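All remarks here apply to the structure that follows.
Quick note on labels: first sequence line is chain A, next is B, and so on, each numbered from 1. Bear in mind the structure is a predicted one, so any value in this text is a computation, not a measurement.
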Amino acid sequence: MSAIISQFFVLSQRGDNIVFRDYRGDIPKGSAEIFFRKVKFWKQDGEEEAPPIFNVDGVNYFHVKVVGLLFVATTRANVSPSFVLELLQRIARVIKDYLGFLNEEALRKNFVLVYELLDEVVDFGYVQTTSTEVLKSYIFNEPIVVDAARLASLGPGGLFMQGHKRMPGTAVTKSVVANEPGSRRREEIFVDIIEKISMTFSSSGYILTSEIDGTIQMKSYLSGNPEVRLALNDEVSIGRGGRSVYDYGGSSGSGAVILDDCNFHESVHLDSFDVDRTLSLVPPDGEFPVMNYRMTQEFKAPFRINTLIEEAGSLRAEVILKVRAEFASSINANTIVIQMPLPTYTSRVSFEMEPGAVGQATDFKESNRRLEWSLKKIVGGSEHTLRAKLTFSQELHGNITKEAGPVSMTFIIPMYNASRLQVKYLQIAKMSKTYNPYRWVRYITQANSYVARI
Amino acid sequence: MSGHDSKYFSTTKKGEIPELKEELNSQYKDKRKDAVKKVIAAMTVGKDVSSLFTDVVNCMQTENLELKKLVYLYLINYAKSQPDLAILAVNTFVKDSQDPNPLIRALAVRTMGCIRVDKITEYLCDPLQRCLKDDDPYVRKTAAICVAKLYDINAELVEDRGFLEALKDLISDNNPMVVANAVAALSEIQESGNRSIFELTSNTLTKLLTALNECTEWGQVFILDSLSKYKAADPREAENIVERVTPRLQHANCAVVLSAVKMILQQMELITSTDVVRNLCKKMAPPLVTLLSAEPEIQYVALRNINLIVQKRPTILAHEIKVFFCKYNDPIYVKMEKLEIMIKLASDRNVDQVLLEFKEYATEVDVDFVRKAVRAIGRCAIKLERAAERCISVLLELIKIKVNYVVQEAIIVIKDIFRRYPNTYESIIATLCESLDTLDEPEAKASMIWIIGEYAERIDNADELLESFLETFPEEPAQVQLQLLTATVKLFLKKPTEGPQQMIQVVLNNATVETDNPDLRDRAYIYWRLLSTDPEAAKDVVLAEKPVISDDSNQLEPSLLDELLANIATLSSVYHKPPEAFITRVKTTQRTEEDEYPDGGETAYSESPSQGADSGTSPPTASSGQHSARQTVAVPGAAAAPAPVPDLLDLMGDGNNALVSVDQPTTPSGPPLPIVLAASAGQGLQISAQLVRRDGQIYYSMFLENNSAIALDGFMIQFNKNTFGLAAGGPLTVPQLQPGASANTLLPMVTFQNIAPGPPNTLLQVAVKNNQQPVWYFSDKISLAVFLSEDGKMERSTFLETWKSLPDSNEVLKDFPGIVINSIEATLDTLAASNMFFIAKRKNANQDVLYLSAKLPRGIPLLIELTAVVGVPGLKCALKTPSPEMAPLFFESLENLLKS
């Protein structure tokens, strides 16, 4: 039996049941409590994170974290684990499509709708569909929209409320079905090219590993579901032709964008992809990835990090952190945080920011001996420096670089993409003088694991 | 008070349930809908709203799909606890299943399949039959799943009605969603039924492969997984299958990708062409790597699977080691798995890069991860001979940082490296010895001690080093003690000088006399004997050359590996355990009791199933002889034909104090019980029964005789409301009764469970049912005597006080002209056996006046005065009690006791 789930439930971070649906009745009562206790106290100290799948008394528990909520499924069968985990993510997405925004309050307010969805998505433990488009014809409850004004106050972080590794969704938080009060539904379509980049620099500044995980995400509010054509730049090619990751270079000058691998949403037709790099599709309702891609081809690092540590006697040292933005001055990065673990016997840190620094903050997190430097904004081409004077409670053992670092960095760069993959145009089939919907194409690059060793 | 106010007022006064009830019966549609929503809301937070069943079901007949769906959701939840009322919904269900709207047809069948109540199931078959052949694919795909539901409730029904054939037909359906559900249902039935009803032929294979292309992503997984069991006839067929499946590797859904990988790996076993295999491996690599771009949860699954795949086919990802490098923000469970795969993929070509990574990880903050990284370096050294030296130098670097747990972990792996490459790297021992004092973990300590013992001849101060450990020998953990023992023996054999000689004395003494660990003691004795008989032989044994080790940690047995590989993309591949190790199949019907009986103030047996409310608390005083005396007393009158029962619905349908079923056999002895249901009235079933009291507990002693021509089983019993609230305190234990057979049983009773209002009476209405016959109703009589508790004896002074404190209106008199007291002694014995206790006696002329006390449940005292002349008919009884309404019942039982 490949794909049966027995129960689905959503728990808050405190362990409260927000949604609970039993599909097969073969799991004893109390599974939610058992699950929560197990996750909360995975190791005695509660420090270590529980793996997403575990078995307690013959019941298999699966969970994913979405916007701080735990989406859980249970089963007794030897199911396909990726199936269940993927399903949990999709259920979260479908619910988000319907409610416009996913959080505890929205779920609670819309529980009837949520249960209606759950009954159509899964029957007797078997998944039926997770397509928002298909579901629309079976769902009759109207969503109750949560107060959007309060969502705005979440700030740029709100963009990342989709869970810590998920691609950030489009910032649109309206439901696919709810009509805006008082106005006609606006015809618009969003295409976001979201790239998460991972880079590791050696202590001498060489790039050790680099990778881009990209998604072309679409969210359509077009009525009548017209066909859409999405053209990528011609230089895109797929497959490294059997070369290994070790073979860099040579390709960067040519302008070619070589993807290691990619996959497409099932609605995408690739008939003319080989000819003119065009994807045609009838976008279903709701948010969905048109294309996922992965690239290890060398690309330009958006930031260079330079770390200098100078020992000043046996109880003192000075750390100098330099960050240089290697992108055009018309582009700004935001919400930048730079972190660096310090030796465990660090007792005090005093910071010295560059003169005239605006929107910067520094902190020494004593609990985990971590230096934190946050910058609201970095303009392309600029360079920023931070000096930190460390005081130790005991003498250095020897090489301080062995006990400090590496420096890690998180950031968001809107309207920038590292891979140079581009959407050349977005064409809507039935477009005319009278019908010209809003088309939004946006690029965003964010750090996944951006690390400089020292 | 205005209407508005009164409504507001009623909210606070009436409570939630009555208010909802009112709203559910509102004449306004919207109000009804809102009310159902409120009910569902209450249901989901765990409140018991089952009492609204009828009201909610009344809302079912509606054209409004939204409301209908809500009602169905409610039904699924509560039908099980209200099986009789659930019937009310059947008509609407059947009607809905023929509605012109396909959504309603599908909804009806889907919901009926979820209600596990026999009576509903009976009515499901016809609609299901129709829906399996419906014009609308949505209805057909729902019906396909419904067959699996029905099979789980009643497998025979599915086979008898030919649903399996209908399901097989659906495999050829033109709608891929229907095909996928039919495949899923057939696979489940196949597995639970354990017989092959769904055989994969090359014909079905073709059909399924075609459906695969058009299916939803989830359907693709159903189909791929059921196909993975298919054994291709020859390499050509295998190649063909693989060709059809390969495009699935490009799917955005990770589950589809992994299921396709599984399928391809399986068929690859059959493919002989090395070119094809190599090509396939090449094709699988990028999608496998792409899985690592998904959410960390999926990455974890992918990594556990990749771990298995690279053990079998290391070439697939040999060039991709970089993608397994840990990101600083990976969750720890992902990091650990990545490390494991890095070790597996480490080769002479990439080991430098890998070591650099490991070294970096070894300075991170997470202790478990750091330890694992250090160990990984050691395992690389053991795996790759040419890299061993570089690994050792990295380990030495790490030791120099002097982070305690890094040092300890390094020493543990260095011990293994010494075992793997003897006489190669001993030069570093001196560096290791510097860290001796900081070792506090048993494994690290034991490793260090092993190194000292093994290389005692090369360590100048080996004896000093070992001696430093000896002081704390008794406190050390067993692991360290064992190593100390062996190391000291080695030292002595290598350097038989005075110092080691003394040490060995101390150790052997400690390890034999001072310990209660048998392993340690036995090993010590063996060494002792060896050393004292033949030191040369001891040398041969203890210092023998050791076999060289290899890195097989975390390597799976080939047979297990093959089994796990066959289970790629299932939980087995995540746990790395064969399915039978963790799969416990449970029939869906198995529900916990709580589920079926949502919170019952009404349940017949609530807190103390074996004890009557107040009665059983005192130690029993009656002896067994007295029991049998009491048993002889029959309750007259109530026997014979079943009396008509006034309120059948109340009797059977009183919520959850359901018919309790059968469990513990007991054999009551003694004389025949009065017949309560005659064979003539019970279609051959005769029941004799009586309430009895034993050791403070009330039982319903029953004797059942089967005079019918068929075997009877599944006996259950229920009591109607009665004055004392008597109800079954446990299941009725009656085995299957063959024709002519009989059985005795003692059913423990509880009191005050469902009390009938009104003046007290002795009527006890009972219903007994079995699987073969209709429900039998009969009446029995309650004897108050069974309620008199063992602690009813009063102190004389208390008796007087109580008597005086009660007003005269509480005194009831009764004459028993027919009763003769022949012996005071005998009478008192009889009464004592029924827990009426003698207090005092006085003579009034020729009359004897006896005073007795007794106690009813809830501590109600009965003060009894009996006046009679010995040998002369006529007994006068005066009863004084706070509950004079009990007097008639008391007199009745008294008469029964003394009449004989």
Side-chain angles (χ1 to χ4, degrees), chain A residues 1-3 20 24-26 28-29 48-49 51-53 55 58 60 64 76-83 85-86 89 111-112 115-116 123-124 126-127 129 138 140-141 165-166 198 209 213 242 244-245 260-261 263-266 289 292 294 341 368 397-398 402-403 406 408 448-449 451 453, chain B residues 37 40-41 44 65-66 69 73 103 110 145 148-149 184 187-188 191 216-218 221-222 225 250-255 258-259 286-287 290 293 295-298 300-301 319 322 325 327-329 331-333 360 363 365 401-402 569-572 574 579 582-584 586 588 591-592 594-595:
Chain A
M1 264 189 261
S2 60
F20 189 99
R24 291 184 69 98
D26 58 353
K29 256 199 168 172
E48 197 158 305
E49 217 174 323
I53 301 165
N55 181 305
N60 302 297
V64 301
R76 286 184 176 276
N78 189 18
V79 298
S80 159
S82 43
F83 182 97
L85 293 173
E86 184 88 44
Q89 296 282 5
F111 71 94
V112 176
Y115 278 102
E116 193 182 7
D123 187 10
F124 199 46
Y126 291 103
V127 184
T129 181
Y138 310 131
F140 297 92
N141 276 287
K165 255 309 180 51
R166 247 271 180 248
S198 293
T209 61
D213 286 328
S244 82
V245 246
D260 291 44
D261 188 30
N263 54 49
F264 301 93
H265 189 261
E266 52 193 4
N292 296 309
R294 184 167 57 79
N368 52 9
H397 285 309
K402 288 254 158 44
E403 294 168 67
S408 62
N448 179 4
S449 168
V451 173
R453 293 178 178 166
Chain B
K37 278 190 188 176
I40 304 274
T44 55
L65 256 167
E66 188 187 346
K69 280 187 161 187
L73 186 62
L103 291 188
R110 184 173 87 195
I145 293 289
K149 292 180 191 171
S187 307
E188 176 173 348
E191 257 180 69
T216 70
E217 46 199 323
W218 312 109
V221 177
F222 292 163
D225 282 357
Q250 231 51 49
H251 205 286
N253 186 320
C254 302
L258 263 181
S259 288
T290 300
S293 307
E295 292 78 11
E297 293 90 357
I298 303 257
Y300 174 75
V301 172
H319 298 297
K322 268 192 173 185
F325 288 2
K327 300 189 165 103
Y328 82 97
N329 51 355
I332 183 75
Y333 57 78
E360 202 62 42
T363 58
V365 276
I401 304 175
K402 289 196 187 303
T570 72
L571 277 171
S572 277
V574 172
F582 62 91
I583 294 299
T584 49
V586 172
T588 311
R591 287 227 181 204
T592 56
E594 284 167 277
D595 266 344

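Counting only heavy atoms from C-beta outward, the side chains of B:Val365 and A:Asn368 never approach each other to under 4.5 Å. A heavy-atom distance below 4.5 Å is not found between the side chains of A:Phe83 and B:Glu217. Between A:Ser80 and B:Leu258 there is no side-chain heavy-atom pair separated by less than 4.5 Å. Under the 4.5 Å side-chain criterion, counting only non-hydrogen atoms from C-beta, B:Thr290 is in contact with A:Asn263.
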Could you walk me through whether B:Glu295 and A:Val64 satisfy the side-chain contact (heavy atoms from CB on, under 4.5 Å) test, starting with their C-alpha distance in whole Å, then the side-chain angles of each, then the deciding distance to 0.1 Å, before giving a yes or no? CA-CA 9 Å; B:Glu295 292 78 11; A:Val64 301; over 6 Å; no
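Both the backbone and the side chain of B:Lys149 come within less than 4.5 Å of a heavy atom in chain A. Of the atoms belonging to B:Ile40, heavy atoms from both backbone and side chain fall under 4.5 Å from chain A. Proximity to chain A is limited to the side chain of B:Phe325, based on heavy atoms less than 4.5 angstrom apart. Both the backbone and the side chain of B:Ile298 come within less than 4.5 Å of a heavy atom in chain A. Of the two parts of A:Phe20, neither the backbone nor the side chain holds a non-hydrogen atom closer than 4.5 Å to a non-hydrogen atom of chain B. Contacts between B:Gln250 and chain A at a heavy-atom distance below 4.5 Å involve backbone atoms as well as side-chain atoms. Looking at A:Val451, only its side chain comes within 4.5 Å of chain B, counting heavy atoms on both sides.
With rounding to the nearest 0.5 angstrom, the CZ atom of A:Phe124 is 5.0 Å from the CD atom of B:Glu188. The structure places OG1 of B:Thr216 at 6.5 Å from CD of A:Glu266, a figure rounded to the nearest 0.5 Å. Rounding to the nearest 0.5 angstrom, the gap separating the CG atom in A:Asn78 from the CD atom in B:Glu191 is 8.5 Å. Here the CG atom belonging to A:Asn60 is positioned 4.5 Å from the CG atom belonging to B:Leu571, to the nearest 0.5 angstrom.
Although no hydrogens or angles enter the test, the distance criterion places no donor-acceptor pair under 3.5 Å between the side chain of A:Asn292 and the main chain of B:Ala252. Between the side chain of A:Glu86 and the backbone N or O of B:Asn253 there is no donor-acceptor pair closer than 3.5 Å.
Interface remark: of the candidates A:Ser408, A:Pro289, A:Ser198, A:Pro52, A:Pro52 forms the most heavy-atom pairs closer than 4.5 Å to chain B. Among the candidates A:Tyr115, A:Phe264, A:Tyr138, the residue making the largest number of heavy-atom pairs closer than 4.5 Å to chain B is A:Tyr138.
Scanning both residues, B:Ala255 and A:Ser82, for their nearest heavy atoms gives CA-OG, 3.4 Å. B:Lys322 and A:Thr209 make their closest contact through CD-CG2, 3.9 Å (heavy atoms, listed as atom of the first residue, atom of the second, distance). The two atoms that bring A:Phe140 and B:Leu65 nearest to each other are CZ-CD1, 3.2 Å, heavy atoms only. Across all their heavy atoms, B:Tyr328 and A:Asn448 have their closest contact at CE2-O, 4.1 Å. Scanning all heavy atoms of the two residues, the minimum distance from A:Pro81 to B:Val574 falls at CG-CG2, 3.5 Å. The two atoms that bring A:Ser449 and B:Asn329 nearest to each other are CB-OD1, 3.4 Å, heavy atoms only.
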